[in-house]
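In what follows, every chain begins at residue 1, and chains take the letters A, B, ... in the order their sequences are listed.
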Number of protein chains: 2
Amino acid sequence: MKEREISDKEIINYLQDTLYVINGKWKLPVLMAIKRGSTRFREIQRYVPPITSRVLSSELKLLEQNKLVTRKVYDEIPVLVEYTLTTYSETLFPIIELMVYWGKDHRKVIAGK
Amino acid sequence: MKEREISDKEIINYLQDTLYVINGKWKLPVLMAIKRGSTRFREIQRYVPPITSRVLSSELKLLEQNKLVTRKVYDEIPVLVEYTLTTYSETLFPIIELMVYWGKDHRKVIAGK
DNA sequence: GTAACCAGTATTAAAAAGGATACCGGTGAA
DNA sequence: TTCACCGGTATCCTTTTTAATACTGGTTAC
């Protein structure tokens, strides 16, 4: 039994759905920061300069809504907040990694004439 | 001889370079439209609704600047303008295709809970 | 001749994204 | 006690993006 082909309109819709989730300058860099080991708010902020706390705060909320990031609060003294990736977010990293390599090459393409 | 590892900062920079090129709602859908066979201005516009001609016009210029699209003018009567993909743009399609499939699944993930 | 299509441009406005700066209450170290 | 760090929020402002609408000059189809 064969899968139905994806129509032109569906392709555009799916693509736009993805773009809607990852849009803007910050969401993917923030995910990458967490992936690379930054879990604390200030830590992420230092990793992805020069994002302001206002913007980082709102990006993290959107990432949470899209089930890409989990926010955990530990009731220690002082209170500790940790951001971690969901397992679902792993599905996004093949795309992000391709984008990293593409950006690296693109720099050469544009510079090299 | 081993390649040097990419540092944290470079990763973020390359990623941001890529995001800078593809940012916004329209550039990737426009590339996809051309890929799927739309070469004329109005044809692309119909393929990617509801983009206005003003926005499409400026997106196409940016795509040209980044060597992803070629604009050819045929001096016929009436004048004919054709947009085609560069071979370089092919390097972007693995990313775009992953994004199409990711968007398809993401819809289920968000809806299904 | 009038309507419609072509490839856009012009003008204006609205909405969204992002940035600057200051500040909060709490803790901990010097 | 003063300073710095933590995880943010509040307020205000600028820039960027996107949209709405109209229009141009030329061409073909009815």
A/R71/A/E64 salt bridge by N-O under 4.0 Å criterion:
no
* Asked: Just wondering, more than 12 heavy atoms not from A/Y101 lying within 6.0 Å of its OH?
  -> no
B/I34 CD1 to C/dA7 P, in whole Å, measures 12 Å
For a quick test of reading the model: is some side-chain N or O of B/Y83 closer than 4.0 Å to OP1 or OP2 of C/dG8? yes
Separation of D/dT16 atom P from B/K25 atom NZ, nearest Å, is 19 Å
To the nearest angstrom, the CG-P distance between A/D75 and C/dG26 comes to 14 Å
Using 4.0 Å as the upper bound for N to carboxylate O, is an ion pair formed by A/R54 and A/E59?
-> no
Against the side chain of B/R71, the closest entry in C/dT27, D/dA20, C/dG8 is C/dG8
Between B/Q45 and A/I51, the residue closer to the 5' end of DNA chain C by nearest nucleotide is B/Q45
Check your understanding: NA contact type, B/L80, heavy-atom cut-off 4.0 Å: base, sugar-phosphate, or nothing?
Key -> nothing
Whole-Å distance, A/E59 CD to C/dG18 C1', equals 9 Å
When rounded to whole Å, the CZ to P distance for the pair B/R40 and C/dG8 reads 10 Å
When rounded to whole Å, the CG to P distance for the pair B/L19 and C/dG18 reads 11 Å
Taking any heavy-atom pair under 4.0 Å as a contact, classify A/E76: base, sugar-phosphate, or nothing. nothing
Tested for side chain to side chain contact (heavy atoms under 4.5 Å, CB included) against B/H106, the lone hit among A/T18, A/N66, A/T91 is A/N66
Separation of C/dG25 atom C1' from A/F41 atom CZ, nearest Å, is 16 Å
Discussion item. Less than 4.0 angstrom between a side-chain N/O of A/S57 and OP1 or OP2 of D/dT9, yes or no?
Written reply: yes
Against the side chain of A/W26, the closest entry in C/dG18, C/dG8, D/dG8 is C/dG18
*For A/K27, which contact category applies under a 4.0 Å heavy-atom criterion: base, sugar-phosphate, or nothing?*
nothing
_Is A/R54 close enough to C/dG19 that one of its side-chain N or O atoms is under 4.0 Å from OP1 or OP2 there?_
no
| In terms of side-chain geometry, is the basic nitrogen of A/E90 or A/K35 positioned less than 4.0 Å from the acidic oxygen of its partner? | yes
Of the listed C/dA7, C/dA22, D/dT27, the closest approach to the A/S53 side chain comes from C/dA22
Side-chain N or O of A/R46 less than 4.0 angstrom from OP1 or OP2 on D/dC6?
yes
To the nearest angstrom, the CD1-P distance between A/I44 and D/dG7 comes to 9 Å
